[in-house]
Protein chains: 2
Amino acid sequence: MRMWLKEIRLQKNLTQEQTAFKSNISRSYYTHIESGVKKPTVETAKDIAFALEFKWTNFFESQCSLKEQ
Amino acid sequence: MRMWLKEIRLQKNLTQEQTAFKSNISRSYYTHIESGVKKPTVETAKDIAFALEFKWTNFFESQCSLKEQ
DNA sequence: CTGTGACTGGAAGTCCGTG
DNA sequence: CCACGGACTTCCAGTCACA
């Protein structure tokens, strides 16, 4: 579970669907990423990070940590 | 061509084979990466970056630039 | 609105022959 | 000895459909 991701999303009052849309990926894939099942590529990570306004390296620095920024 | 990669390697006086070995990947795969044919995963990028002592994000910040650091 | 299993195209990574 | 690159296999990012 990538709690930090979920938390960032909720802080922005976005649904998974809205976030997925802003990131140009499918809703279900975003769900997989948030749950930790799938790991995004760098490109996708950048898109999501841009959509939620955090730095994309978060995905690869703190794999599953609760760190929020 | 990822010239910046080659240059870093040469600066350290390492062959492709030695670098590949230090990065735990095959020699030919390292060749592919240096030539720009293949794109390493984050994990592999980290390994190579560690072997050649530069920051792994270089791979994803400056795709094919001549930027050296 | 979210979770998840099944599926697939394409890319990661290797092997091996060549220059 | 060192590097290039085609051919091949394996695996997983990303989607769809259903719950």
- Message: Walk me through whether A/E7 and A/R2 qualify under side-chain contact (heavy atoms from CB on, under 4.5 Å).
- Response: CA-CA 9 Å; A/E7 282 166 13; A/R2 263 185 261 263; over 6 Å; no

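- Put simply, CZ on B/R2 is 14 Å from P on D/dG5, counting in whole angstrom units.
- At a threshold of 4.0 angstrom between heavy atoms, the contacts of A/T31 include nucleobase atoms, whether or not backbone atoms are also involved.
- The shortest side-chain heavy-atom distance between A/F21 and A/Y30 does not fall under the 4.5 Å cut-off.
- Residues meeting the side chain to side chain donor-acceptor pair (under 3.5 Å) test with B/R27, sequence neighbours left out: none.
- If you take CG of B/L14 and C1' of D/dC1, they are 15 Å apart, rounded to a whole angstrom.
- Across B/F60 and A/K46, no two heavy atoms sit closer than the pair O-NZ, 2.7 Å.
- The end-to-end axis angle of the helix from C/dT2-D/dA19 to C/dG19-D/dC2, rounded to 10 degrees and based on five pairs per end, is 30°.
- Applying the salt bridge (charged side-chain N to carboxylate O under 4.0 Å, His left out) test to every pair with at least one member in residues 14-24 of chain A, sequence neighbours left out, gives no pairs at all.
- Along DNA chain C, read 5' to 3', the first and last nucleotides having any atom under 4.0 Å from a heavy atom of chain B are C/dA12 to C/dG17.
- Evaluation of the side chain to side chain donor-acceptor pair (under 3.5 Å) rule for B/K38 yields no partner, not counting sequence neighbours.
- Not a single side chain to side chain donor-acceptor pair (under 3.5 Å) links B/K6 to another residue, sequence neighbours left out.
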- Note on the structure: Contact string for nucleotides 9-19 of chain D, one letter per nucleotide 5' to 3', B = base within protein heavy-atom range under 4.0 Å, S = sugar-phosphate only, - = neither, reads ----BBBBB--

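- Looking at heavy atoms from C-beta onward, B/K12 lies in side-chain contact with B/E53 at the 4.5 angstrom threshold.
- For the pair B/R9 CZ and D/dC2 P, the interatomic distance rounds to 11 Å; values are reported in whole Å.
- Using bins of under 30°, 30° to 60° and over 60° for the plane-to-plane angle, the ring pair A/F54/A/F59 lands in the tilted bin.
- Partners of B/T41 according to the side chain to side chain donor-acceptor pair (under 3.5 Å) rule, which considers only residues two or more places apart in sequence or in another chain, are B/T44.
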